[in-house]
Amino acid sequence: MIDRKVRTGGSIICDVFLEEGVTAIFGMPGGASLPFYDSLYDYPQIKHYLMRNEQGAGYAADGYARALNSVGVATSTSGPGATNLVTPIASAMMDSIPVVFLTGQVATPFIGTDAFQETDITGVTIPITKQNYLVKSVHELPRIMKEAFYLARSGRPGPVLVDVPKDVFLDETDEPVPESVELRGYKPAGAGHRRMIRKAAELIDKSERPVIMAGHGVAISGAFEELRELAEKAEIPVITTLHGVGDFPETHPLSFGMIGMHGMYYANMAVSDCDLIIGLGLRFDDRVTGRVPDFAPKAKIIHVDIDPAEIEKVVPTAVPIVGDVKATLQILNPLVSANTHTAWLEELNRLRTNHPSHEPPPNEEFLPQHMVRYIYEATEGEAIVVADVGQNQMWASQMFFYEKPYTFFSAGGLGGMGYALPAAMGVQVARPDQTVWCVTGDGGLQINIQELAAMAEYNIPVKVGVMNNAHLGMIRQWQNRFYNGRLMGAELINPDFAKVAEAFGIRGIRAETQDEARDAISQAMEFDGPVLVDFIVDELEDCYPMVEPGASLAETVER
Amino acid sequence: MKTEGLSTLVALVEDNPGVLTKVATLFRRRGFNIASLNVGHSEQPGISRMTIVIEGTGAHIKQCEKHLYKLVEVVKVVDITNADRVDKELALVKIAAHGAERSSVVALAQAFDGEVVDVGRNALIVQLTASPYTIERFLSLAGDFGVVELTRTGLITMARGDVRRARGPVAARRPGSNHKE
C-alpha cells in the first residue's frame with residue numbers, strides 16, 4: 001500500500017501510531033509540540049492522557065508497554081519537557097521496555113542557538129536509548145517513525161527517542177511510510193545456534209541438580225508455555241528474577257520463587273547448591289548474583305539471551321546461546337529427555353518448609369507484609385501488581401503468588417522511586433478489564449503524587465496501596481544495619497494521604513490495623529473507581545531475607 | 001605509542017550524523033580507553049571506516065566488540081589485532097633546528113623515509129608516513145633536537161593479501177565473480 005498522500009509531519013506521526021496499534025499516549029504539550037497536538041486533535045482514535053509531569057507520562061507509557069508486551073508512547077515538548085522524560089527513558093533502557101518517546105524540538109533554524117526551551121535531548125539520551133533521532137526534514141519522518149517502532153519492539157526491546165523540531169511537525173511531504181525497515185547494522189537474533197542448543201540439552205540430561213533461572217526475556221518473548229514444558233518434562237525447579245516474576249506459576253510445585261538480595265531463602269540456596277543453571281533471558285544483575293565469584297560455585301551455566309553483550313558479561317558461561325528464548329526453547333525442549341530429580345526436589349522442598357520466606361511473620365501488629373498478603377487473598381491472586389522501589393517492591397514480590405504472565409511490574413533496573421503510581425495508570429489503561437493494585441511506599445508515592453489528578457480526571461480505577469511506615473524504609477534498614485543506626489534523611493513527616501487523595505477527587509481510606517486493612521481492601525475492591533488506601537504499617541519492620549552487599553547468596557540472612 | 005596491551009578494531013559504520021558521538025560515548029560509558037581513533041570514508045558509499053586502537057586485550061575487547069555491535073549504525077566490527085596487516089600513520093613533526101643542526105635533522109628524516117615539508121629559520125617540519133612503532137622511534141631520536149609541535153592522524157590499518165570473497169555484509173555481491181581460494 002503505497003499512499004502518496006501529502007501529509008504534515010504531525011499527521012504522519014499519528015498515522016504511524018494507528019498503524020502500530022497505539023490507541024493511548026501519555027504526555028504534556030508545550031510550545032515546540034503544539035503543532036503535533038494540533039494534529040492529534042484530528043485523531044479521536046488516539047486517546048491522549050494529559051499527565052501532570054512528563055516523568056509520569058514516561059512511566060505510564062512504560063506500564064502500558066509492559067501490560068501489552070507492545071510499544072508504549074510518551075510525548076513532551078522540548079527543553080524541560082524532554083529533560084523530565086530522562087528518568088523514565090533511563091528506566092526503560094535498563095528494563096528493556098519498548099517505549100517510543102516523542103519530543104518536540106525548537107524549529108530547525110533555531111537549533112544550536114540556545115533558543116528558548118532548547119535542549120540537545122538526542123545528545124543527552126545517547127547512552128540511555130536503544131536509538132535516537134533528531135528529525136531534520138519531514139521527508140525523513142516516515143522512515144524514522146517506522147524504524148523507531150521496529151527498533152523499540154524487536155530484538156532486545158528498549159526506548160527510542162524521536163526529537164521533532166516544531167517546523168517539521170508542520171512541513172508537508174508525500175513520502176510514504178516504508179513497508180519494511182532496512183538497517184544494515186541491526187539484525188536481531190532468532191533462535192540460538194543449533195550446536196549450542198544440542199550441547200545445552202546434553203548438559204541438562206546429565207545434570208542431577210539443575211535449576212532454571214527465568215528472567216524478563218521469558219516474558220518479552222512470551223515463552224511461558226515453553227518454559228513450563230521444559231520444567232515439567234525434565235522436572236527442573238524454576239527460580240525467577242524480579243522481572244521474571246510471572247514467568248512461571250508461583251504455586252506450581254516446581255516453583256521456588258524469586259532469587260536475589262531479597263529473594264527467597266530456598267531460591268538462593270538452590271542456586272548456590274545446584275550443578276547446572278539454565279539461565280533464560282536474564283542478565284545476572286548484581287542484585288541477583290550476590291558476590292559474583294561465589295555465585296553458584298558448583299554449577300555450569302547455560303545462558304540464553306538475545307543480547308550477545310549480556311553473555312559472559314558477569315558470569316562465565318559453559319554454553320552461550322544468543323537467541324530469542326521462545327524460539328530457542330522450541331528447539332531445545334524436544335532434545336531434552338524426560339527426567340526426574342526426586343532427591344533434589346525433596347531437598348529443596350525441605351528447605352522451603354523450614355525456611356518459609358514467603359510467609360509473613362506471625363505478628364499481631366500490622367506489618368507491611370500483611371498488606372500485600374491481604375491484597376493477594378482479597379483478589380484471589382487475580383490482580384496485576386505494580387510495585388514501586390524499595391521495601392514495598394520486595395514485599396510485593398514476596399508476599400503475593402503470581403500465577404500468570406504480565407501480572408507483576410516494577411522498575412527493577414534503574415530502581416526509580418515514583419514509578420508505581422503512573423506506571424499502574426498506564427497498565428490500567430492498557431488492561432481496563434483487570435484489577436490493578438499499585439503497591440507503593442510513602443516515599444515513592446510523593447515523587448509522582450501529582451498524577452492522582454490525572455487518575456481522577458480520567459477515572460482510571462487503580463487501587464493505590466500506600467505502605468506507609470513513615471520512613472524511606474530501605475534507607476532506614478541500611479542505616480540501621482550498616483551505618484550503626486545513624487539515621488539521616490530516613491524519616492518522613494507525611495501528610496494524611498487519604499485526605500490528600502480526597503482533595504484530588506479520589507476516594508481515600510486509612511487503615512491502621514490488620515482488621516482495618518482487610519476491610520479497606522474489600523472496600524477498595526468493591527468501589528468502582530480509583531481508591532487510595534493509606535496503610536499505616538509497623539514503622540520498624542525490615543525486609544528479609546537479605547543478602548548483604550558483598551556477601552554471597554549462600555550467606556542469605558533470614559532475620 | 002606503545003603497542004603492547006593494545007588492541008585494534010576496525011568498525012564499519014553508517015555515515016550518519018552523531019555516530020562518532022555514539023561510539024565515543026559508548027567507550028567512555030563502558031570504561032574502554034581509546035589510544036587512537038581514526039575515521040574516514042570507506043570503499044562503500046554511506047559507510048565510514050573507524051580504526052580504533054584501545055587499551056586491553058582478550059575478553060575485555062570481546063565485550064567492547066559486542067557493545068559496538070549494539071549500536072544500530074555499526075554494521076561490522078573486526079578485531080584485527082593479530083591479523084597480518086599494513087599499519088600506517090601520518091605524523092607532522094616540527095623539530096627545532098638551528099644552523100648546522102638542520103642537516104642532521106634532514107638526515108634523520110631521510111633515514112626514516114620522511115620528507116621535510118617546511119623549512120623555517122629555527123625549525124623544520126618533517127612529514128612521516130610509517131607504522132606507529134616507527135614514528136615512536138623517530139620521535140625519540142628527534143627529541144634530541146627538540147620536538148616543538150606534533151600532530152598524528154592515529155593508526156589506519158588494512159589486512160594484507162588478495163580478495164578471496166566479498167567481505168562482510170556491507171560488501172556488494174559481485175555477480176559472476178568466482179574467486180577460488
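We name chains A, B, ... by the order of the sequence lines, and we start the count at 1 in each one.
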Quiz item: Looking only at heavy atoms, which two atoms of I301(A) and T317(A) are closest? And how far apart?
Solution: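 For I301(A) versus T317(A), the nearest heavy atoms are O-CG2, 3.4 Å.
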Practice problem: Identify the two heavy atoms, one from K130(A) and one from G158(A), that lie closest to each other, and give their separation to 0.1 Å. | Solution: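 Closest heavy-atom pair between K130(A) and G158(A): CD-N, 4.1 Å.
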Exercise. Identify which of R29(B), E73(B), H67(B) forms the greatest number of heavy-atom pairs closer than 4.5 Å to chain A.
Key: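 Highest number of pairs under 4.5 Å: E73(B).
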Practice problem: Decide, yes or no, whether a salt bridge links D305(A) with R283(A) under the criterion of side-chain N to carboxylate O below 4.0 Å. | Solution: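 Judged by the 4.0 Å cut-off on N to carboxylate O distance, D305(A) and R283(A) do not form a salt bridge.
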Quiz item: Any ion pair linking K66(B) and E312(A) (charged N to carboxylate O, less than 4.0 Å)?
Solution: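 Salt bridge: no.
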Give, as side chain, backbone, both or neither, the part of [X] having an atom under 4.5 angstrom from any heavy atom of chain B.
X: K187(A); answer: neither
X: N132(A); answer: both
X: I311(A); answer: both

Quiz prompt | Per-residue contact mode, L26(B) against chain A (heavy atom under 4.5 angstrom) | solution =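 Neither part.
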Practice problem: Counting only heavy atoms closer than 4.5 Å, note whether V74(B) contacts chain A via side chain, backbone, both or neither. | Solution: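 When you check distances to chain A, only backbone atoms of V74(B) fall under 4.5 Å.
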Practice problem: Determine yes or no for a side-chain-to-main-chain donor-acceptor pair under 3.5 angstrom, with T173(A) supplying the side chain and V138(A) the backbone. | Solution: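 No.
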